[in-house]
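Sequence lines set the chain letters: A, B, ... in the order given, protein chains first and strands last, and positions in each chain run from 1. Computed over heavy atoms, backbone and side chain alike; hydrogens, waters and symmetry mates excluded.
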Protein chains: 2
Amino acid sequence: MSLQHAILGFLSWKPLTGYELKKMFADSVTVYWSGNNNQIYRTLLDIHKKGFVTKEVQHQDDAPSRKIYTITEAGLEELRSWVLSPPEVPQLKHTFLIQLSWADQLSDDELDHLISSYEDEVHVHLLMLRKQAEVKTMSPERTQRERYLWDMIMQNWIVMYETELQWVRQLRHGLGDTTPERKHNDGH
Amino acid sequence: MSLQHAILGFLSWKPLTGYELKKMFADSVTVYWSGNNNQIYRTLLDIHKKGFVTKEVQHQDDAPSRKIYTITEAGLEELRSWVLSPPEVPQLKHTFLIQLSWADQLSDDELDHLISSYEDEVHVHLLMLRKQAEVKTMSPERTQRERYLWDMIMQNWIVMYETELQWVRQLRHGLGDTTPERKHNDGH
DNA sequence: GTTGCCATGTAAGGTGTTACATGATTTA
DNA sequence: TAAATCATGTAACACCTTACATGGCAAC
């Protein structure tokens, strides 16, 4: 699991409440995590029990009390050793490709429509990423090296979806080319 | 969930047992699904209950009996309508990028080592994919269009990891460039 | 004689999602 | 007057992974 470590990462910048963490995940494109509370609150309890954070309760009369979590030395150590742990290749859950695997049962028009709507999805997603990249939301940017890392991380997401868009366009055009041939060869 | 539909997809080619399905998932790079039995056997029970498959038990004296699953009309219909359902952009779980997000605490050497070992991982993975692409394992390839689709699906995986490899190389070289500058700017 | 293949499955636990619940304050 | 924001959390369920269990047969 690395939600734990992403939370420790944010807390290494400054102390935060669960609610604030939830927002940071929701706002961040690169440190993506569905931004759902259940997991965040449970993970906070967990890392508190492990001693990676301390909890300070701030009572408020007219609202539920804020619980501010601060990272400890042990937490910083845990974060550091996780960052150094052997990196793994990204795992992509590419359901569209599985849909495509059995798409030969569709008519030419149905298939073209399916691919086109996927192309639109990817395109919209890419535009959203590019807009986010301009805004340059958070990240402390304390050193030039850190700024460079965060830029490259954002860049990674963008080039991935650019590549996907190129691929799907090639797919669609290639299909347009093979379809008449197919009719020639398979027709009779 | 789409494991259900991937199973229906394989069964649309021919009747199979759970064990055979497990192997097909394990062998397939493109229709990736961890190939773990628990899920497959439970999903088979599930789709049988839903009427998407029929089950034929073949008794064997000296081994556990084979249970051969055959797709039904309802199953084919379900598969078809799933294939037509609105496609979604791929979701990537890119833990390395989250590691990188907090990697500025590392020394130049540690960071360089982290990135290099990631580069190696990606490279090895890419070579594996290219080798698989040559073998061209399964897929029925009944029409030219289907062959084209399967080729493009394999191609998608390859270009994704090629893009990743290019990106990580650029990252490493860019770091080499900024590091001396950084020392100049931040040093004093 | 140990490993691997065939073939079924269970147990236990981790991870992730959606929806629900409260209740005051601010904004449209 | 309806909604969104702040701030906490619970309940129920879906999905996914690892390891365990059985037991004959073939290959090395």
Requested in this report: For residues B/Leu92 and A/Tyr161, report the shortest heavy-atom separation together with the two atoms involved.
Outcome: CD2-OH, 4.2 Å
**Report entry** Salt-bridge present (A/Glu20, A/Lys14; N to O < 4.0 Å)
**Finding:** no
Report summary line: Atom OH of B/Tyr69 and atom P of C/dA7 are separated, to the nearest Å, by 14 Å
Query - Interatomic distance where CD1 belongs to A/Ile7 and P belongs to C/dG16 [whole Å] - result: 11 Å
Query - Same cluster (ILVMFWY, side-chain, under 4.5 Å), B/Tyr32 and A/Trp102 - result: no
**Report entry** Residue pair A/Thr30 / A/Met154: nearest heavy atoms and the distance that separates them
**Finding:** CG2-SD, 3.7 Å
Query raised in the report: Do the side-chain N or O atoms of B/Tyr41 get closer than 4.0 angstrom to the phosphate oxygens (OP1, OP2) of C/dG9?
Result: no
**Report entry** Terminal axis angle for the helix from C/dG1-D/dC28 to C/dA28-D/dT1, five pairs an end, nearest 10 degrees
**Finding:** 40°
Query raised in the report: Can you find a pair of side-chain heavy atoms, one from B/Trp157 and one from B/Val29, that are under 4.5 Å apart?
Result: no
Query - B/Gln105 vs A/Glu146 side-chain heavy atoms within contact, under 4.5 Å - result: no
Report task. Return the value, rounded to whole Å, for the distance between atom CD of B/Gln39 and atom P of C/dG16. Result -> 14 Å
Query raised in the report: Roughly, in whole Å, what's the span from CZ in B/Phe25 to P in D/dC16?
Result: 11 Å
Query raised in the report: So, do A/Leu149 and B/Leu171 sit near enough that their side-chain heavy atoms are less than 4.5 Å apart?
Result: yes
Query - Charged N-O contact under 4.0 Å between A/Arg169 and A/Glu119 - result: yes
Query raised in the report: Does OP1 or OP2 of C/dG16 have a side-chain N or O of A/Lys93 closer than 4.0 Å?
Result: no
**Report entry** For A/Trp167 against B/Met152, the heavy-atom pair lying closest together
**Finding:** NE1-O, 3.0 Å
Contact list (N/O, under 3.5 angstrom) for nucleotides 3-6 of chain C vs protein:
residue	atom	partner	partner atom	Å
C/dC6	OP2	B/Tyr19	OH	3.2

Report summary line: Rounded to whole Å, CG of A/Leu45 lies from P of C/dT15 at a distance of 15 Å
Requested in this report: Indicate yes or no: does A/Lys50 engage A/Asp46 in a salt bridge with an N to O separation below 4.0 Å.
Outcome: yes
Query raised in the report: Between C/dT8 and B/Thr17, is there an OP1 or OP2 to side-chain N/O distance shorter than 4.0 Å?
Result: yes
Table of protein N/O atoms under 3.5 Å from nucleotides 18-20 of chain C N/O atoms:
none

Query raised in the report: Using a cut-off of less than 4.0 Å, is there contact between a side-chain N or O of A/Lys22 and OP1 or OP2 of D/dC6?
Result: no
Report task. Round to a whole Å and report the spacing from CD1 of A/Ile40 to P of D/dT10. Result -> 15 Å
Query raised in the report: Pick the nucleotide of DNA chain C nearest each of A/Tyr32 and B/Lys55; which residue has the one closer to the 5' end?
Result: B/Lys55
Query - A/Arg42 or B/Gly18, whichever maps to the more 5' nucleotide of DNA chain C - result: B/Gly18
**Report entry** Donor-acceptor pair, side chain of B/Thr17 and main chain of B/Lys67, under 3.5 angstrom
**Finding:** no
Query raised in the report: Which whole-number value in Å describes the distance from A/Met24 CE to D/dC6 P?
Result: 14 Å
Query raised in the report: Any salt bridge between B/Arg130 and B/Glu162, counting N to O under 4.0 Å?
Result: yes
Query - For atom CG of A/Leu44 and atom P of D/dG9, their distance in whole Å - result: 9 Å
